[in-house]
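Residue indices begin at 1 and follow the sequence shown. Below, all heavy atoms of this structure are taken into account, side chains as well, without hydrogens, waters or symmetry copies.
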Amino acid sequence: MDDNHRLIFELNDSPEMKTTLANSEEFMAPSNSTALENAFPKEIHRASDLLMSVSVHADTYKTKIINLSVAAMEELEQMALEQEPLWLFNVDRRAEVLNAVEYKNRFEPLDAALEEIIGMIKMGRPIELASFNYTNAKVPHDNGSESSLPMENGPTPPLETEASRASGVVFMNPIDLVNMFMDVDQWSIVFTNIVSKATVLGVVTKGELGNPNGAVQVMKAEFHVPSPLVQTREIYFARYSRRLSLNSWIVVDVSLESIFPNPMIKCRRRPSGCLIRGTPDGFSKVTWVENNEVDNRSVQTMFSRLISSGSAFGANRWLTTLERQCDRLAIHLDDRVTRGGATSLLKLAERMVRCFNWNVSASTENPWRPLTVPGAEDILVRTSCNLDDPGTPRGVAITFATSVWLPVPPENVFDFLCCGKCRSQWDILTSGRVTREILSIPTGRDPANTISLVMVEPVPSKMTMLYVQESFSDSTGYYIAYAPVDILATNSILDSGDPDRVELLASGFSVLPDGRSIVGENGTSGSLLTLLFQTLDEHISTPEYLPSVSVVTIYRVITETVSRIKGCVGIQA
């Protein structure tokens, strides 16, 4: 087994670990346990996808979907262009918020009770408020959100409104952007830190010959925050692209619950998407609007402020991701940067980051289960077996992760973790050894966005180690993904070798704001640090079985790494 991908079982040689191992059998995880129970088994999800896929091809439904998409496009265009009174500036959040009252008056039909009140007023009849049904009434708030009035005969409806808008310049022309949005594979790759998985369930219209003008397709997608402790948002929606003028396009998403009702809905996508206008220099001015109704009742307490602030899935996160990915593409095309093996290294790092983003999500495809050690329920584990993927080491891989709150600003945590010479201070594998960055390639406008090679100097009985690392940040979060690579593979990459044949197991960190500063709370803002490690485990014979030696080692790696990070960023034990 390759030492670069081997779990560090030498930790188990200490007397303390031997004692823990002796008592760990009772903490064995049953093979069918899961960390986050899904409301329905996978078979029901597949059946729903199949039913939707068949239904969208019926002429009756096609007409309804097209009409819904056109109406959504018209709404989104107004949402993207208008200022007050539709959008108001919130001083505490230092951001635009949707005026819920104005939105409701303009875009939502009057409910039956309100129509009856208006009719009574016009006719001069007395109004008896006790006789009205307030089941669906919503109360708008100053921050742009809404909450439902209590129902007389049942619980309060759980859906809350999250709405946001952001604008920026993207280094790509409008038609290429639209083509990317309408290609589900390209779209998933560009937004890999948000989109866990996406599928086209049916094409309603293909658009014009040679371009996507007028194209409508029905999709299913899962959106995630980079932590397995936060459930993904699963949405069925229609996506519609439309040319507005010679160099101006709009791409809109809208949920299909008005056509295919779903009483168990947890996220409804109101008209959302982007208005794209070409600039004289060949780039695009993009205005992004996110407008969703969501059920946040099951959000893990640690993440509740961040999620309730609306920024975790907000317009700014989508737009800054798009800007960063287009910056990266521009680097790919710059001969001054991608000489020699730099192009191969960029492609290798891109695959590594995609693997990290996939692994760190709570997607329904990731069967996480809690580590069965008392007090460690937030440490999640899953296993997988690779037999034929040339880009992944053969054998049973174990992935484990957790999230913790740190009373330190996110940028401080990020600066420490991405520093090559500081690696041995938190990394148990390189503890006591000298580490240094030997190569760095910029990947965007932000100097923090880099791909680097970190070398771990050899010591007696231990060989030289190398890590490929990519660090990137935007206004919504910070990320570090890394993977060990052997010297032969590194030399091949730097000699323009095939990056797809280099075996990788991606690990890394995400560092998000805790939401305090976003919602205008006083006091020091903190960080939500997610740690994810992936390695081969020689003690696992089948993916369903997690032996006690692995349980204890996982617990030790997570807890000691967290302790080291806390100490290095100035948090007292």
Side-chain angles (χ1 to χ4, degrees), residues 5-42 224-232 298-303 358-386 395-405 428-429 505-510 528-566:
H5 302 115
R6 183 177 292 157
L7 195 61
I8 45 179
F9 293 107
E10 57 265 30
L11 290 173
N12 297 330
D13 292 337
S14 67
E16 296 84 355
M17 292 300 288
K18 289 178 179 178
T19 301
T20 308
L21 274 171
N23 298 322
S24 65
E25 291 297 330
E26 60 183 298
F27 304 138
M28 292 292 295
S31 61
N32 62 348
S33 65
T34 57
L36 298 172
E37 293 293 339
N38 293 322
F40 301 102
K42 288 184 180 179
H224 74 271
V225 167
S227 170
L229 297 179
V230 182
Q231 290 185 346
T232 58
S298 61
V299 173
Q300 210 261 9
T301 304
M302 188 192 315
F303 286 85
W358 160 256
N359 285 322
V360 81
S361 83
S363 169
T364 53
E365 298 294 322
N366 286 345
W368 291 104
R369 63 195 190 202
L371 193 68
T372 50
V373 174
E377 292 79 10
D378 284 347
I379 299 177
L380 304 182
V381 186
R382 64 183 181 85
T383 55
S384 58
C385 183
N386 175 56
V396 177
I398 185 166
T399 306
F400 49 104
T402 195
S403 297
V404 295
W405 178 78
I428 298 173
L429 274 178
L505 287 175
S507 302
F509 307 93
S510 70
L528 300 173
L529 170 65
T530 295
L531 311 85
L532 179 134
F533 301 103
Q534 190 178 33
T535 183
L536 293 180
D537 191 337
E538 60 189 7
H539 290 87
I540 298 179
S541 56
T542 64
E544 294 78 20
Y545 177 71
L546 192 63
S548 60
V549 63
S550 302
V551 171
V552 175
T553 302
I554 290 167
Y555 181 75
R556 175 73 181 276
V557 170
I558 287 284
T559 55
E560 185 165 329
T561 303
V562 170
S563 177
R564 288 182 175 212
I565 293 172
K566 285 182 176 180

> Within the side chain of Asn366, is there an N or O that forms a donor-acceptor pair under 3.5 Å with the backbone of Trp358?
Replying inline: yes

>> Once rounded to the nearest 0.5 Å, what's the spacing between atom CG of Leu429 and atom OG1 of Thr535?
In response: 8.0 Å

> How about Ile428 and Arg556: do any of their side-chain heavy atoms sit closer than 4.5 Å?
Replying inline: no

>> With a 3.5 Å distance limit and no angle check, can you tell me whether Thr232 reaches the backbone of His224 through a side-chain donor-acceptor pair?
In response: no

>> Test side chain to side chain contact (heavy atoms under 4.5 Å, CB included) on Asp537 and Val396; report intermediate values, then the result.
In response: CA-CA 6 Å; Asp537 191 337; Val396 177; 5.6 Å; no

>> Taking OH in Tyr555 as the centre, count heavy atoms belonging to other residues, nucleotides or ligands within less than 6.0 Å. Is the count above 12?
In response: no

> To the nearest 0.5 Å, what is the distance between CG (Leu380) and OG1 (Thr399)?
Replying inline: 11.5 Å

> What is the minimum heavy-atom distance between Pro228 and Thr530, and which atoms define it?
Replying inline: CD-CG2, 4.2 Å

> Backbone N or O of Ser361 within a donor-acceptor pair of the Trp368 side chain at under 3.5 Å?
Replying inline: yes

>> Quick check for you: to the nearest 0.5 Å, what is the distance between Leu529 atom CG and Trp405 atom CH2?
In response: 12.5 Å

>> Taking Gln534's backbone N and O only, do any of them form a donor-acceptor pair with Ser507's side chain (distance below 3.5 Å, no angle check)?
In response: yes

>> What I'd like to find out is whether the side chain of Val360 reaches to under 4.5 Å of the side chain of Pro226, using heavy atoms alone.
In response: yes

> For the residue pair Phe533 and Phe509, does the interplanar ring angle fall in the parallel (under 30°), tilted (30 to 60°) or perpendicular (over 60°) class?
Replying inline: perpendicular

>> If you compare all heavy atoms of Ala397 against all heavy atoms of Leu505, which two are closest, and at what distance to 0.1 Å?
In response: CB-CD2, 4.3 Å

> For the residue pair Arg382 and Pro367, what are the closest heavy atoms and their distance?
Replying inline: CB-O, 3.6 Å

> Taking Thr561 for the side chain and Val557 for the main chain, is one N or O donor matched with an acceptor at less than 3.5 Å?
Replying inline: yes

> Going through the checks in order, is the side chain to side chain contact (heavy atoms under 4.5 Å, CB included) test met by Met302 and Val230?
Replying inline: CA-CA 10 Å; Met302 188 192 315; Val230 182; over 6 Å; no

> Where is the tightest heavy-atom contact between Leu531 and Val404, given as atom of each residue plus distance?
Replying inline: CD1-CG2, 4.4 Å

>> I want to check something: taking the side chain as every heavy atom from C-beta on, are Ile558 and Leu371 in contact at a cut-off of under 4.5 Å?
In response: no

> Just how far is it from atom OG1 of Thr402 to atom CD1 of Ile554, taken to the nearest 0.5 Å?
Replying inline: 12.0 Å

